[in-house]
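None of these values were measured; they are calculated from a predicted model. Basis for what follows: all heavy atoms, side chains included, without hydrogens, waters or symmetry-related copies.
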Amino acid sequence: MSRAMLRQIIDYANRADPYPLYEELRRTPVFHDEDGPYVVSTYHEIQGLLHDPRISSDPRNLTLSSSDPLAQAEGDDSGLPPVFLKLDPPDHDRLRRITNRPFGPPHSPHRVHDMRGELDGIVTGLIDGIAGADSLERIDLVDQFSYPFPVTVICRLLGVPHEDEPRFHGWADTIAASLDPDPDANPGERPKAATDAQMELGMYLAGLIEERRKNPGEDMLSQLAAAGEEPDGSMSTLEAVSTAALLLIAGHETTVNLITNGMLTLLRHPDVLQRLRDDPQLSVPIVEELLRYEPPVQLLPRRSTLADIEVCGVNIPKGATVSLILASGNRDPKRFENPDRFDPDRGDIQHLGLGSGIHSCFGAPLARQEAQLALSELARRLENPRLLEDPPPYRQNAVLRGPRHLPIACDGIRAA
């Protein structure tokens, strides 16, 4: 194997089906070529490194090679202050604990559960909107459902005024698009639109946070902006802005892919789609299997070692760049039987689809609930849904992998 293999992973030509490449990659569980990254592709080794305190997520510890294709795939940093996703303990722990206060246990144990009724209403409205469209002969499930659903949810959770949601959608879309690698672009000339969107988003969030400090509400921005009485204290305005931007961008982007990959997979497995239509509770194991089979985050390309680490007999030296191929680990036959088969009845499904360790997906409970509800309602209400393009057109991004559009048709839409 050579570095050409790593370039193939981010080559758009392989976006629709990267899994044969991952299978070949697993033949060398820890791959390293000259000055490139150490690429880890097998389940147990990835899981171990995700829990290893000698692995850093802080990009300030990186020494990147200009020829590292996987590091280039992740794109530029947002330009906002560091978020806890890109920090190590103790800074990571402090910011994550503060962020978790208004989101989950122990301070807000019912936050996600209590959103169920609101999520139901958003899903119903979006599917009703599809029913009222000019034609059911060509529906873009991404634009008409899987994108607006999680963006609307995160706006409501944060407390973005309804009239500002279109601006929020636009900034999020522009920033997410900037993450897509463009092999023909000059890396020193990033699109100005993304920088402008980051600045406008930051200024907008800073204004909202200052306003909430004066007039707090029940939304998450108000709680992030509030003075903390816990030992961790409170966030500065810049920390709150950075955290809110993370919740917006990272939160909805992964859920868009989870829902879209999920519906694509179900349409390719009509027997499972019918089972879900008959039994909405099947959405729970279906989503877990989807997180293994078609994870929305395929790889973590920018980790570094704080000390020498031996993995599978390979010494990864201190200061090295490490790339963890989560989607490859999820299809490791040494961990999962028949890993290339989509099987919602699979037991013992401890996948890597939401990460693991201290950086496991912060919004996992909400993402699961959104995907379960979305897929069960689409299965119930769409009559005879079918793919119009297979494979559909994919986004450029190799890290956040998912269809950019999912053209489908159906015969009708059942009443809510």
Side-chain angles (χ1 to χ4, degrees), residues 11-22 123 126-150 180 253-280 282-283 285-298 327 330-331 338-346 353 370-398 400-414:
D11 187 339
Y12 183 76
N14 298 307
R15 193 70 71 250
D17 186 14
Y19 297 103
L21 294 173
Y22 297 155
V123 167
L126 288 171
I127 298 179
D128 287 347
I130 295 173
D134 293 336
S135 173
L136 298 180
E137 295 180 0
R138 189 174 184 88
I139 300 163
D140 184 349
L141 201 70
V142 175
D143 286 349
Q144 294 175 253
F145 185 86
S146 9
Y147 180 81
F149 175 36
D180 291 344
E253 283 296 323
T254 52
T255 309
V256 170
N257 284 347
L258 179 56
I259 294 170
T260 309
N261 287 334
M263 199 60 192
L264 173 61
T265 301
L266 289 172
L267 290 170
R268 289 170 170 170
H269 296 81
D271 56 327
V272 180
L273 181 61
Q274 183 59 50
R275 288 178 60 192
L276 177 59
R277 185 176 293 119
D278 296 337
D279 179 13
L282 190 62
S283 65
I286 282 177
V287 167
E288 294 311 304
E289 173 68 345
L290 284 169
L291 285 164
R292 182 199 69 83
Y293 183 76
E294 286 277 30
V297 179
Q298 294 270 299
N330 276 344
R331 300 249 188 149
N338 297 318
D340 292 322
R341 184 179 70 189
F342 177 65
D343 180 11
D345 299 316
R346 186 184 300 276
E370 288 179 275
Q372 292 162 10
L373 176 61
L375 295 176
S376 60
E377 281 299 284
L378 288 170
R380 183 178 72 86
R381 296 191 61 188
L382 300 186
E383 297 179 0
N384 188 31
R386 51 201 178 272
L387 289 170
L388 296 180
E389 296 181 38
D390 193 9
Y394 275 77
R395 298 166 57 174
Q396 287 287 340
N397 203 305
L400 302 175
R401 174 182 167 272
R404 174 60 189 90
H405 301 283
L406 186 61
I408 67 170
C410 68
D411 294 341
I413 295 183
R414 298 178 180 87

Apply salt bridge (Lys or Arg N to Asp or Glu O under 4.0 Å) to Arg381 and Asp128, showing your working. CA-CA 10 Å; Arg381 296 191 61 188; Asp128 287 347; 2.6 Å; yes

Rounded to the nearest 0.5 Å, what separates atom CG in Leu291 from atom CD1 in Ile286? 12.0 Å

Heavy-atom closest pair (Asp340 atom, Tyr293 atom, distance to 0.1 Å) is O-CE1, 3.5 Å

Taking only Lys NZ, Arg NE, NH1 and NH2, and the carboxylate oxygens of Asp or Glu, determine whether Arg341 and Glu289 approach each other closer than 4.0 Å. no

Is the closest side-chain heavy-atom distance between Ile259 and Val142 below 4.5 Å? no

Minimal non-hydrogen separation, Arg15 against Tyr394, with atom names: CG-CB, 3.5 Å

Any side-chain heavy atom of Pro295 sitting closer than 4.5 Å to one from Thr254? no

Do the side chains of Pro296 and Leu400 get nearer than 4.5 Å, heavy atoms only? no

Please check this pair: side chain of Asn384 against backbone of Cys410, looking for a donor-acceptor N/O pair closer than 3.5 Å. no

Within the 4.5 Å heavy-atom criterion, are Pro285 and Arg346 side-chain neighbours or not? no

Closer than 4.0 angstrom, basic N to acidic O: yes or no for Arg386 and Asp411? yes

Once you measure the plane-to-plane angle for Tyr22 and Tyr19, does it fall in the parallel (<30°), tilted (30-60°) or perpendicular (>60°) bin? perpendicular

Where do Pro344 and Val272 come nearest, in terms of heavy atoms and distance? CG-CG1, 3.9 Å

From Ile127 atom CD1 to Leu378 atom CG, the distance as rounded to the nearest 0.5 Å: 4.5 Å

Please round to the nearest 0.5 Å and tell me the distance separating atom CZ of Arg275 and atom CG of Leu273. 11.5 Å

I want to check something: taking the side chain as every heavy atom from C-beta on, are Asn397 and Glu253 in contact at a cut-off of under 4.5 Å? no

I need the Thr255 OG1 to Tyr147 OH distance, nearest 0.5 Å. 12.0 Å

Is the closest side-chain heavy-atom distance between Leu282 and Arg277 below 4.5 Å? no

Ignoring hydrogens and angles, tell me if any N or O in the side chain of Arg401 forms a donor-acceptor pair with the backbone of Ala16 under 3.5 Å. yes

Can you confirm whether Thr260 sits close enough to Leu141 that some side-chain heavy atom of one is under 4.5 Å from a side-chain heavy atom of the other? no

Taking atom CD of Gln274 as the centre, does the number of heavy atoms from other residues, nucleotides or ligands within less than 6.0 Å exceed 12? yes

Could you grab the distance from atom CG of Asp390 to atom CG of Leu267, nearest 0.5 Å is fine? 9.0 Å

Residue pair Asn330 / Pro339, side-chain heavy-atom distance below 4.5 Å: no

Gln372 side, atom CD; Leu290 side, atom CG - distance, nearest 0.5 Å: 10.5 Å

Output all residues satisfying side-chain contact (heavy atoms from CB on, under 4.5 Å) with Asp134, sequence neighbours left out; order by chain, then residue number. none

